[in-house]
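Remember, predicted model here, so these are calculated numbers, not experimental data.
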Amino acid sequence: MKLEGLVSKVQGYLPGAQVELIRRAYEFSAEKHKNQKRASGEPYVSHPLAVASIIADLRLDVPSVVTGLLHDTVEDTLTTLGQLETIFGSEVASLVDGVTKIGQINFASREEHRAENLRKMILKMGEDLRVILIKLADRTHNMRTLDGLSPDKQAKVAQETLDIFAPLAHRLGIYWMKSEMEDNALLALHPEVYYQLKRAVAKKKTEREKYIRDVQGILKKRFDAAGMECLIAGRPKHFYSIYQKMRAQNLLYEQVYDLVAFRIVVDTMRECYEALGVVHSVWKPVPGRFKDYIALPKANGYQSLHTTVIGPRGERIEVQIRTTEMHRFAEEGIAAHWTYKDGQGIDQEEIQRFQWLRQMLEWQKQVRDPHEFLYSFKEDLAPDEVYVFTPKGDLLNFPAGATVIDFAYRIHSEVGHRCTGARVGGQLVPLRYPLQNGDTVEIITTQHQMPSRDWLKLVRTPRAKERIRAWIKAQQTTRSVEVGREILARDLSRFQLDLVKLSQDGTLDRVAHELGVRDFETLVAEVGYGKVMARQVIERLVPAEEVDRPSEREGPLARLFRVVGRRPDSSGIRVSGIDDVLVRFARCCDPLPGEPIVGFMTRGRGVTVHASDCAKVLEADPLRRVQVVWAGKADSLRPVRLEVMCIDQPGLLAAISRAIAQTGVNIRKAEARSIADSKALNTFEVMVADVDDLKRVMRNLTRVRGVMRVERLRG
C-alpha cells in the first residue's frame, strides 16, 4: 500500500474527504519514524500506513485514518499529545491517546501493565468506539507480520490475540477480522496443525468447488421456481474454526462435516423465512441445529437464520439466510453502521445496541485488582451465549454456563444475595442450574439466605462475582478485626507490650502509616486477613537485636515454630515487603519459574504461590494477595505433566519421545493408550527447570507429524 492508494481508497467511500490531512499525517509519521525499522527489517512507516489502509477497509472517517498513520508516534517517538493536538486537532489527539499504551508508570508485573492498558482502552472505547476499531486494525496488521518476531514473542502475541482481540472483533461483529486474526494465531501457536489443515483443504479444493457449484445449482432452480430472487454463495470455513471443531470433538480432518457454509441473501425479512422453507423442502433439516438470530439477535447485533441440512451425497450443509443489510452487518459489524455527522463519529443510537459494552464499562469500574480484571474480561468476551426470558418477557443474554445466580444478580444485587433457587418453565431448579436457551426464569428468594464463597464457583458473569465478593468482604471485616486483635495482642505480649496502650497513645497509628495502611483499625483487619504479618509490626516497635531473642514467656512449642520459620528458604521466591516467611507452591496450578505468579496469604501457612491466571486464586479474596517474584534462576527440576493426542499409528510414540529428548528434557513417566476414531492419548511427566524448557518441549511436540494436540495438565 502506497500513500496515493490509501487516499484513493478513502475517496472511494468519502468523496469529499479532507485528503490533505491524510497526506500531512503520513509525512509527519514518516519523519518521526524515519530512523526506525520493524523486526522484519522494513521501514517502520510501512506499519502505520498498513494500519490506516485497514481502517479505510472498515470505511471509517478521516480522523480515524489519520490516527492510524499517527498511532505509534507518541508511544515510540518523542512526539507528545500536545504536539498532535496543535497540528491535527483535539479529535485526532484524543484517538491517538486512546490507542497509546500506558507509560511512565511502574507496574508490579507484566500482567498488571497489560490489564491497565486494557482498562484504559475500554474506558476510551466507551467514549468513542473508533478507539477499539483502530486498535483492532493495528493488531490485524501485527498478526499479518508476526514472522519477524522470535517464536516466544510470536506465541505471546498470538495467545493475547485469541484471548482478547479476536473475541472483541467478534463482539463488534467484524467477522473477516476475527477470522483472519484467529487463523494467523493458529499459524503462530500450532504451525504443524495449520499446515496440515492447509494441505488437507488444498487437496480437496477441486472436489469442494464442484460441490459448491452443485448445491448452488440445485438451490437456484428451486428459488427460480418459487419466483424468488436471491444471492447464493458458498465458502469453506476458516482454519481456526475447523481446528476448534476437531479439538472439541476429537475428530480427524476427514471426519469433520459441514466444512462449507452456504449463504443466501434476500431483500426482506419476510423472504428470509420463505427462503428457509425452500431450503427445508429440498433437504431434510438436522434436528436441534436451527437458530433464529433474526427474532433473537446476538449481543453484537448479528441477525441471520442458521440451519443445518443433509445435502447431496449425505453431507451436512450449514446454511445462513439473511437480508442484504444483515449481511453487511455480519461482515463489517459495527463499522457497517458508521455515520459521519459533523465529526461526531458513530451514531449514539447504534452504541446503545451493544448492551455488552455498557455492562463491561460498568463492572470494569468496580473491579480494581488487575489479575481479576484480566480474567473477568476474557470470560466476558466468551463467544458462546444463551438467551433467557424474565417472567415479564424481557430477553437477557448470558455467557454459556451461567447459572440462575447470575440471572438473579442481573435483576438486582439484593435479589442475588437472597436467591435460594428458581422456577424454570414452572419447575423448581437449584442454584447450580445452568441457563438454557429459551428458559423463562423466576427467582425464589428468602430473607434468611446469604451468599457463600462456593457461589463463586457457580457464577460466570463479572457482575455476579463482584457482588458476591463485596458481600463476603463486608461480612469478613468484623471477623478479621477480631482475629487481628487476637494475633497482635498475643505476639506483642511476648515483648511485654500492651495492644490497648499502643493503640491509645497513637503508636500503632504511626506503625500503620509506615506499613502503608490507613490507620490502626485497618492495620488490625489486615493482620487478621493475613496480608500484614504481626512480625512486621513488632519490627517497628522493638530493636532488631531483640526481635529474634526468645522471650521468657515463650514456650518450647512456640520456640520450635519460630526456629523452623527462620530456616533459610530455598523456594526461589521473593515475597514483597515480607521477610522470613514460609512459601509453598499451589498443587492446583504448579507454577514454573518464569511464569507470572501471585502469592496468597493463608493464616498459619505463610504464602501459597499460584500461577497468576489460576482460577482458584482469582476466586479468592483480592485483599489477601501479595506480590511475589521469582528470585534468580531455577536450581532444581520440577515435574510437569503433558497430554499429547495424536493419530494411532506405528512409530509415532517413538517420534514423540525423540522430540522430547531433543530438547534435553528427561521423561520421568509415560502412559499411552488408544482411544476412539484411530487416535491415541499419551501422558508424559517430564522434568523441566522453568517455563522456557516447557515451551521448547511443547513446540517440538506440535511439529511432529500426526500430533493433533499438546496440553499441559495441572493439578
What residues form a salt bridge (Lys or Arg N to Asp or Glu O under 4.0 Å) with [X], not counting sequence neighbours?
X: Glu42; value: none
X: Arg199; value: Glu192
X: Glu711; value: Arg247, Arg709
X: Arg699; value: Asp152

Hey, could you give me each pair passing salt bridge (charged side-chain N to carboxylate O under 4.0 Å, His left out) that has a residue in residues 222-234? Not counting sequence neighbours. Lys220-Asp224
So CE of Met326 and CD of Gln320: to nearest 0.5 Å the spacing works out to 13.0 Å
Do the rings of Tyr302 and Tyr293 sit parallel, tilted or perpendicular, given the 30° and 60° boundaries?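 Taking Tyr293 first and then Tyr302, their aromatic rings stand perpendicular (interplane angle over 60°).
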Asp61 with Arg130: basic N within carboxylate O range, under 4.0 Å: yes
Applying side chain to side chain donor-acceptor pair (under 3.5 Å), can you list everything that pairs with [X], at least two apart in sequence or on another chain?
X: Arg38; answer: Asn142, Thr145
X: Glu271; answer: none
X: Lys210; answer: Asp214
X: Asp292; answer: Tyr273

Would you say Ser29's side chain and Ala25's backbone share a donor-acceptor pair under 3.5 angstrom?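 Not at all, since once roles are kept as given, no pair shorter than 3.5 Å links the two residues.
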Is Thr67 reaching over with its side chain to a backbone N or O of His71, donor-acceptor style, under 3.5 angstrom? no
Atom OH of Tyr195 with >12 non-hydrogen neighbours under 6.0 angstrom: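 No, not enclosed.
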Any chance CE of Met269 has more than 12 other-residue heavy atoms, nucleotides or ligands included, within less than 6.0 Å? no
Please identify each residue that fulfils side chain to side chain contact (heavy atoms under 4.5 Å, CB included) with Pro312, with sequence neighbours left out.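 Once residues adjacent in sequence are excluded, the partners of Pro312 under the side chain to side chain contact (heavy atoms under 4.5 Å, CB included) criterion are Tyr211, Val215, Ile218, Trp283, Ile317.
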Can you name the side chain to side chain contact (heavy atoms under 4.5 Å, CB included) partners of Ala672, sequence neighbours left out? Leu653, Asn682
Can you give the donor-acceptor pairs under 3.5 Å from side chains of residues 179-186 to other protein atoms, not counting sequence neighbours?
from: Ser179; atom 1: OG; to: Tyr175; atom 2: O; distance (Å): 3.0
from: Glu180; atom 1: OE1; to: Arg144; atom 2: NH2; distance (Å): 3.2
from: Glu180; atom 1: OE2; to: Arg144; atom 2: NE; distance (Å): 2.4
from: Glu180; atom 1: OE2; to: Arg144; atom 2: NH2; distance (Å): 3.3
from: Glu182; atom 1: OE1; to: Lys178; atom 2: NZ; distance (Å): 3.2
from: Glu182; atom 1: OE1; to: His238; atom 2: NE2; distance (Å): 2.9
from: Glu182; atom 1: OE2; to: Lys178; atom 2: NZ; distance (Å): 3.4
from: Asp183; atom 1: OD1; to: Phe239; atom 2: N; distance (Å): 3.2
from: Asp183; atom 1: OD1; to: Tyr240; atom 2: N; distance (Å): 2.8
from: Asn184; atom 1: ND2; to: Glu180; atom 2: O; distance (Å): 3.3

